[in-house]
Amino acid sequence: MSKKFYITTPIYYVNDKPHIGHLYTTIAADVLARYYRQNDYEVFFLTGTDEHGAKVAESAKESGLEPKAFTDQNSQLFRDIFKKLDISLDYFIRTTDARHEESVKKFIQKLYDQGDIYEGKYEGLYCVGCEKFITKKELVNGHCPDHKKPPENLTEKNYFFKLKKYLPEVERLIIKDKILIRPDSRKSEVLGFFKQGLDDFSVSREKVEWGIPLPFDAKQKTYVWVEALQNYISAIGYGDNEKDFKKWWPADVHLMARDIIKFHCIYWPALLIASGLEVPKQVYSHGFFTVNNQKMSKSIGNVIDPYTMVEQFGVDATRYLLLSQFPFSQDGDIKASLFKEKYNADLANNLGNLLSRVFNMLEKYCDGKIPQQVASPIYLAPVRELIENLKFNEALREMWQAIDKANKIIDENKPWQMAKDASNRKKLDEILSQLASFLLELVVYIRPFMPSTAATIVGSLESEKITKGEPLFMRI
RNA sequence: CGCCGGGUAGAGCAGUGGCAGCUCGCGGGGCUCAUAAUCCCGAGGUCGGGGGUUCGAAUCCCCCCCCGGCAACCA
């Protein structure tokens, strides 16, 4: 039986429209999913939308829609853009799926039955105008930004999870890399949370309407974070398909941005341990984008719309540009001109033009056929390890250095001069065959990043008569 | 306040003790198979600031400045 690979992205909050950040995580996950599939792993690639909570209910109301209708609409936006970008997901989960809700209830009931959930009080700042708790961070001069009034202190009944009971075990697993947290810097950040001390956390809300009712107290709704994390197990059958669940769990990688590692590295493993399940093998946290050194935000108005990018560059180029520009583990800054420069330099000039050169010469000098079976003269092996370690930009850099070498080989050998003299026939055939072999080998690594580009290249090289064809990436 | 990152050529980044690198852009030259593409050469940095350890520091230690993140829900 082949090996399995279960990879997840966070589920995206439907309150927001899809933006470049959502795409970034999802494309990275897609590259891994495609890579492992082509290496004969059985892959389950999960993404989806997080749909409950007070904010969603509020936004729905503003749009004059019922919460469900609102989430139907916004969830679809995520599906659409993922489809547009060739995301090869195996399952799209919504936290409003009946299956998910049942799974969550089963999970939380178990914790309650075994005494890991207890009744307590939640104290917080409550704004009467908003009808919800707000955080200190949201306050402007001590006032609610929407209602210009100071919030009042209020307590409500909540249920709490005995996090503290499980902290030592979670910490031990992290230290021993049983839960591998990467990059390393994030691991030390997480271990720092333990040093600062962590409290039991609330798993329910009384004043939230739009959520999954607690099975043991229907007046309370499950706190969205607790419920959201469980998508990773409900999607693969926790509670309703033991066979599938056993097959896929534990996750091989939970992929996410660095803002939510605490939930994934501490709360989530603790919940799993409490319910007797295995912990995820790896949590990988990638960086954030800034745009012109500013945080991407709606109020600043610098949010990059994925459709605009796809319209300008095309699907494959968008995938390439997002993953090649910065180290995956670190933050990166996007400037308006960067993508265009990189598109022209890497895709049009280097790869695109190399293809035109090789295809054209095969057509002109070799009657559209690859003359011989020969080995590629360019070494590409390190790419594999780089992809497996999620060093996407380095993997791509390695591939593009190989493309440079191929261009150099052409210039050094000057096939167009060889073609003028029949005595060079053998050498000319050999050089062009080598280049074709190189492209076929390169395409294997390009495929996870740029699936349709890879298909086009293979299609050209395997056709009856190779022709120069249309340029793959036009300069812009 | 606390905790975690980051600050290296015009731009984006690599480089964790031994002559400061890569890509893009820029300047010059070559080639003509190719998408004004490609190939060669070159200019450009007191490695955020200050102090210390060391024969030697971008790299280790201390202090400071700036940017980003976490602290009950924006990738």
Side-chain angles (χ1 to χ4, degrees), chain A residues 9-10 12-13 15-16 18-28 50 52-56 122 124 133-137 158 183 185-193 195-196 199 201-202 205 223-228 255-263 267 285-290 293-298 303 324-327 329-335 337-338 341-342 344-350 352-365 393-394 397 400-401 404 406-419 432 468 470-475:
Chain A
T9 73
Y12 304 113
Y13 206 52
N15 219 25
D16 237 355
H19 59 65
I20 212 79
H22 302 114
L23 260 294
Y24 189 57
T25 312
T26 312
I27 290 170
D50 183 10
H52 287 126
K55 280 191 184 170
V56 170
Y122 173 70
F133 285 95
I134 56 180
T135 60
K136 274 188 201 159
K137 199 167 148 188
N158 268 189
S185 54
R186 291 279 111 72
K187 178 178 171 181
S188 44
E189 183 176 350
V190 170
L191 289 171
F193 291 139
K195 289 198 195 85
Q196 287 179 66
D199 287 323
F201 64 94
S202 158
R205 289 290 183 277
Y223 172 48
V224 290
W225 257 112
V226 173
E227 179 230 308
L255 205 60
M256 71 203 61
R258 59 191 172 78
D259 53 340
I260 52 177
I261 53 171
K262 189 175 176 180
F263 292 98
Y267 296 177
S285 138
H286 66 72
F288 267 109
F289 292 136
T290 51
N293 284 316
Q294 281 182 305
K295 197 179 166 179
M296 212 167 46
S297 86
K298 276 187 269 188
V303 176
S324 63
Q325 194 78 298
F326 328 96
S329 61
Q330 283 181 32
D331 288 1
D333 186 52
I334 296 174
K335 290 208 169 40
S337 58
L338 278 180
E341 278 173 10
K342 201 156 177 65
N344 281 331
D346 294 359
L347 297 177
N349 297 355
N350 282 16
N353 186 48
L354 174 68
L355 294 169
S356 291
R357 301 177 89 179
V358 174
F359 292 164
N360 184 52
M361 288 191 282
L362 284 168
E363 180 181 5
K364 266 192 182 164
Y365 307 148
N393 72 319
E394 289 179 47
R397 195 196 304 148
W400 256 257
Q401 273 170 9
D404 282 347
N407 270 317
K408 204 168 291 187
I409 286 173
I410 297 177
D411 271 70
E412 282 166 358
N413 288 282
K414 302 183 174 52
W416 55 90
Q417 279 182 13
M418 293 179 180
L432 292 178
K468 184 182 169 192
E470 289 300 307
L472 258 182
F473 299 99
M474 287 304 293
R475 280 181 65 86

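Quick note: numbers below take in every heavy atom, side chains included, and nothing from hydrogens, waters or symmetry partners. Everything numeric in this text was worked out from a predicted model, so none of it was measured.
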Identify whether any heavy atom of [X] sits under 4.0 Å from a base atom; if not, whether one sits that close to sugar-phosphate; answer base, sugar-phosphate or nothing.
X        : result
A:Tyr12  : sugar-phosphate
A:Leu472 : base
A:Phe201 : nothing
A:Pro10  : sugar-phosphate

### Message
Between A:Leu355 and A:Leu255, which residue's closest nucleotide on RNA chain B lies nearer the 5′ terminus?
### Response
A:Leu355

#### Entry: Closest-nucleotide ordering on RNA chain B, the 5'-leading residue of A:Pro471 and A:Glu189
A:Glu189

Can you tell me how far [atom1] in [N] sits from the matching atom in [M], rounded to whole Å?
N     : M     : atom1 : result
B:A36 : B:C31 : C1'   : 14 Å
B:G45 : B:C22 : P     : 16 Å
B:G48 : B:A9  : C1'   : 15 Å
B:U54 : B:U16 : C1'   : 16 Å
B:C61 : B:U23 : P     : 31 Å
B:G17 : B:C60 : P     : 8 Å
B:G15 : B:U8  : C1'   : 9 Å
B:G68 : B:C74 : C1'   : 15 Å

### Partner residues of A:Asp346 under the salt bridge (Lys or Arg N to Asp or Glu O under 4.0 Å) criterion, sequence neighbours left out
A:Lys342

#### Entry: For A:Glu189, all residues meeting salt bridge (Lys or Arg N to Asp or Glu O under 4.0 Å), sequence neighbours excluded
A:Arg186

### Query
Sub-3.5 Å donor-acceptor pair from the side chain of A:Asn413 to the main-chain atoms of A:Ile409, do we have one?
yes

### Step-by-step side-chain hydrogen bond (donor to acceptor under 3.5 Å, both in side chains) determination, A:Asp404 to A:Asn350
CA-CA 7 Å; A:Asp404 282 347; A:Asn350 282 16; 3.0 Å; yes

### Query
Base, backbone or nothing for each nucleotide of nucleotides 20-34 of chain B, written B, S, -, heavy atoms under 4.0 angstrom, 5' to 3'?
----S-----BSSBB

### Message
For A:His22 and A:Tyr12, take the angle between the two ring planes, folded into 0 to 90°, and tell me which bin it lands in: parallel under 30, tilted 30 to 60, perpendicular over 60.
### Response
perpendicular

### Task
If the plane angle is over 60° it's perpendicular, under 30° parallel, otherwise tilted; pick one for A:Trp225 and A:Phe263.
parallel

#### Entry: For B:G2, the Watson-Crick or wobble counterpart (both distances under 3.5 Å)
B:C70

Provide, to the nearest angstrom, the distance between the [atom1] atom belonging to [X] and the [atom2] atom belonging to [N].
X        : N     : atom1 : atom2 : value
A:Lys187 : B:C3  : NZ    : C1'   : 18 Å
A:Asn158 : B:A72 : CG    : C1'   : 10 Å
A:Asn413 : B:C39 : CG    : P     : 14 Å
A:Arg186 : B:G68 : CZ    : P     : 16 Å
A:Asn344 : B:A37 : CG    : P     : 8 Å
A:Phe473 : B:U38 : CZ    : P     : 15 Å

### Query
Between B:C40 and A:Lys408, is there an OP1 or OP2 to side-chain N/O distance shorter than 4.0 Å?
yes

### Message
With a 4.5 Å cut-off on side-chain heavy atoms, are A:Asn353 and A:Phe473 touching?
### Response
no

### Task
Can you measure from CG (A:Leu354) to CG (A:Asn407) and round to the nearest 0.5 angstrom?
4.5 Å

